[in-house]
Amino acid sequence: MKKTLSLVLALVLALGVFCAPALAAEYPIVSEPITVAGLVMAEKVGDERILWKELEKLTGIHVEWTAVESDSMPVFLAAGNWPDFFHFTLDSAAINDYGILGGKFVDYNAHLDEMPHFVQSLEDYSELAKAITETNGAIYQLPYIEESATTCQARVYYREDTLRDAGCEMPTTTEEFYEVLKKLKEYNNGAAPLIASVFSGSYFEPFMYASFGASRVPDFEDGGDGSVVFNRTSEQYKLFLQYMHRLYEEGLLHQEYLTLDGTTRLSLAQEGLGVFMDGTAHSLTEADFKSGKCEIGVLAPLTSEVDSERVVMGQYPFSGGSFAINADSKYISELCKLFDILYATEEVAPGTGLYGEAGCYGPEGMMWAFADDEHNYYEFILPEGYEGSTTNYQYEQMIYTNCGRATALAHAVTSTPGNAQARQLGFVNNLIPYHEDKPFPTKFLKFTEDEQFVLDNNYVEIKSKVEEMRSQFITGVADIDKQWDAYVNELNAMGLDEVLKVYQASYDRWNGKN
């Protein structure tokens, strides 16, 4: 694997120089129009998306779309009647069975000379090649790359108006946060001001966890010397749980934080009773504020008596994958050139608006445009009389799903006042400057069949136990001071050491050590 990946990276670097003159590609791609078959994961195809109409005008390649529901995908793949390409992320099982073992997907490594924009992306993001390369050295899917104002997993929102009306300032430490919550509870006649969820993958947990030590990720992480550690048994995680128990015990964290449904959360936030929150803030509108403006703030990282550094969990600007090509397709070269357009950093042909950002919002000038370069603002453009949301228009009219390289609007903010603008400004000012430089690549680590077997037979139960005990420690059902050692011992007895060995082996491959 090390040798294969090294060759891939070497080829990328070589092609980056060799392919530079080819950036001005000639269009259309084909001398005579062709039709290729593409598959989307949905109940139905719906209207033909504008992005793909514009790509067809430029390239001469028409895509005939069909749809399949996610539950039917295993049966569809097994049947073997495949399209030319798949326009969604195929899971690791499908990639293993039909790619690594079956050889039924195209390996993009063999076509990098036809994809100069994608090669440039591999150069621009040093970890990208490792993230998309499988255990056999192949690249079967192309990544979605996005840099936006809200590219951050760890976050906490708050109502600026309620904080101000209660005479509180934005807290900067965990103790200040505690005192602010107490004051807000009194101001709101006993209502719990914190309505955030606390579970693996939530916005709130990694944000608050990072305040209690040098670690930034509650799960797997580099211990600082290249060794993988599991932080759910760490002293820092214990401090985090003790703090959350304190908030729960004093009624500062909503007593039903685990079971509150979305409607109730939103109602509490709209009434100003829920002041600090997670994704619930996304649904607040101008009508929910007396001022008629979305007064939504984003909390900056907190420090504590054990950690004085303001840093939050980072996030790589790439994810998922798409565009797996059927190895039996007659149009492999044409598809590679087509997809490459969506990795360009500027228009591939004057006046088309087609380049990387089009894979998210469509061609520049159709759904979006730069509004104010000086302030890094952009604006959305919707058809006159359109009554749906911007998001609905994006996915139902412009694109099927995010793809390509959406980096033109990196850290840009919408020029339209409202929820999105308020949150984006909060991220730009209070979160993005504090991202850790090099996140642990948990979701990009690849596992062999034997390694996956260990994870399936050990880590699934370990995760379940972690979730169970987190809630018990926070609510006080379990006494963390008396039962912490028993909790750690139980995780070890469930095979944590074997899980760590698997993660270590994969992380070593990521770092080119084996």
Subject >> Non-neighbouring partners of Q397 that pass side chain to side chain contact (heavy atoms under 4.5 Å, CB included), sequence neighbours left out >> reply: D47, Y393

Subject >> Under-4.0 Å salt bridge between R470 and E205 >> reply: yes

Subject >> Donor-acceptor contact present, side-chain D91 to main-chain A94, <3.5 Å >> reply: yes

**OP:** Please check if the side chain of S202 supplies one atom and the backbone of F199 the other of a donor-acceptor pair under 3.5 Å.
**Re:** yes

**OP:** Any chance you could measure Q421, atom CD, to T416, atom OG1, to the nearest 0.5 Å?
**Re:** 7.5 Å

Original post:
Do the side chain of N419 and the main chain of L284 share a donor and acceptor less than 3.5 angstrom apart?
Top reply: yes

Original post:
Hey, is the main chain of R159 close enough, under 3.5 Å, to the side chain of T162 for a donor-acceptor pair?
Top reply: no

**OP:** Find the distance between CZ (R164) and CE (M170) and round it off to the nearest 0.5 Å.
**Re:** 14.0 Å

Original post:
Below 4.5 Å, heavy atoms only, C-beta onward: do M244 and V198 meet side chain to side chain?
Top reply: yes

Original post:
Between W82 (side chain) and L77 (backbone), is there a donor-acceptor pair under 3.5 Å?
Top reply: yes

**OP:** Would you check, one step at a time, whether the test side-chain contact (heavy atoms from CB on, under 4.5 Å) holds for L194 with L184?
**Re:** CA-CA 9 Å; L194 177 59; L184 287 169; over 6 Å; no

Original post:
Does a donor on one side chain sit under 3.5 Å from an acceptor on the other, for E134 and Y140?
Top reply: no

**OP:** Mind running side-chain contact (heavy atoms from CB on, under 4.5 Å) on V36 and H62 for me, showing each step along the way?
**Re:** CA-CA 6 Å; V36 299; H62 172 72; over 6 Å; no

Subject >> Chi angles and distances behind the side-chain contact (heavy atoms from CB on, under 4.5 Å) call for T280, D278 >> reply: CA-CA 5 Å; T280 302; D278 45 21; 3.8 Å; yes

Subject >> Cation over ring face, R155 and F207, 6.0 Å, 45° >> reply: no

**OP:** Could you tell me whether a side-chain N or O of S211 sits under 3.5 Å from a main-chain N or O of M208, the two making a donor and an acceptor?
**Re:** yes

Subject >> With F380 via ring-ring contact (aromatic ring centres under 6.0 Å, His included) - residues at least two apart >> reply: Y361, Y378

Original post:
Can we call the ring centroids of F339 and F85 under 6.0 Å apart?
Top reply: yes

Original post:
Any salt bridge between D219 and K463, counting N to O under 4.0 Å?
Top reply: no

**OP:** Give, for atom CD of E357 and atom CG of L342, the distance between the pair rounded to the nearest 0.5 Å.
**Re:** 11.0 Å

**OP:** Check the pair N430 / L299 against side-chain contact (heavy atoms from CB on, under 4.5 Å), numbers first and verdict last.
**Re:** CA-CA 7 Å; N430 291 337; L299 192 60; over 6 Å; no

Original post:
When you measure from the side chain of R216 to the backbone N and O of M313, does any donor-acceptor pair fall under 3.5 Å?
Top reply: no

Subject >> Over 12 foreign heavy atoms within 6.0 Å of CD, E286 >> reply: yes

Subject >> Distance-only donor-acceptor check, side chains S283 and R265, under 3.5 Å >> reply: no

Original post:
When the ring planes of F177 and F276 are compared, do they come out parallel, tilted or perpendicular, using 30° and 60° as the limits?
Top reply: perpendicular

**OP:** Measure across V311 and P301 and return the closest heavy-atom pair with its distance rounded to 0.1 Å.
**Re:** N-CB, 4.2 Å

**OP:** Using distance alone, with no hydrogens and no angle criterion, decide if E467 and S471 have a side-chain donor and acceptor under 3.5 Å apart.
**Re:** no

Original post:
Can you check whether G388's main-chain N or O pairs, donor with acceptor, with N392's side chain at less than 3.5 Å?
Top reply: no

Original post:
What class does the angle between the rings of W510 and Y316 fall in, given that below 30° is parallel, 30 to 60° is tilted and above 60° is perpendicular?
Top reply: tilted

Subject >> Inter-residue atom distance E334.CD - I325.CD1, 0.5 Å rounding >> reply: 10.0 Å

Original post:
Looking at Y27 and A349, what are the two nearest heavy atoms and their distance?
Top reply: CD1-CB, 4.5 Å

Original post:
Taking atom types as modelled, is there a side-chain donor on E54 or T352 under 3.5 Å from an acceptor on the other?
Top reply: no

Original post:
Atom CG in D340, atom OG1 in T59: separation rounded to 0.5 Å?
Top reply: 12.5 Å

**OP:** May I ask you to check whether over 12 heavy atoms, not counting those of D261, lie within 6.0 Å of atom CG?
**Re:** yes

**OP:** Answer yes if the side chains of Q120 and H117 hold a donor-acceptor pair under 3.5 Å, and no otherwise.
**Re:** no

Subject >> Heavy-atom donor-acceptor pair, Q394 side chain to C360 backbone, under 3.5 Å >> reply: yes

Original post:
Salt bridge or not for E127 and K130, using N-O below 4.0 Å?
Top reply: yes

Original post:
Do you see a donor-acceptor pair shorter than 3.5 Å between the side chains of E147 and T151?
Top reply: no

Original post:
If you measure only the distance, is there a donor-acceptor pair under 3.5 Å linking the side chains of T150 and Q424?
Top reply: no

Subject >> H282-Y157 side chain donor-acceptor pair, cut-off 3.5 Å >> reply: yes

Original post:
Will you find, in the side chains of H87 and S322, an N or O donor that is under 3.5 Å from an N or O acceptor?
Top reply: yes

Original post:
If you measure from the Lys or Arg side-chain nitrogens to the Asp or Glu carboxylate oxygens, is any gap between K183 and E169 under 4.0 Å?
Top reply: no

Original post:
Just one of F86, F88, Y395, W65 clears the ring pair (Phe, Tyr, Trp, His ring centres under 6.0 Å) bar with Y400, so which one?
Top reply: W65

Original post:
Below 4.0 angstrom, N of the basic side chain to O of the carboxylate: do E56 and K53 qualify?
Top reply: no

**OP:** Establish, from distance only, whether the side-chain atoms of D124 and S121 form a donor-acceptor pair under 3.5 Å.
**Re:** no

Original post:
Are more than 12 heavy atoms from other residues, nucleotides or ligands located less than 6.0 Å from atom CD of E186?
Top reply: no

**OP:** Using atom types as modelled and distance alone, determine if a side-chain donor or acceptor of N188 lies under 3.5 Å from a backbone N or O of G272.
**Re:** yes

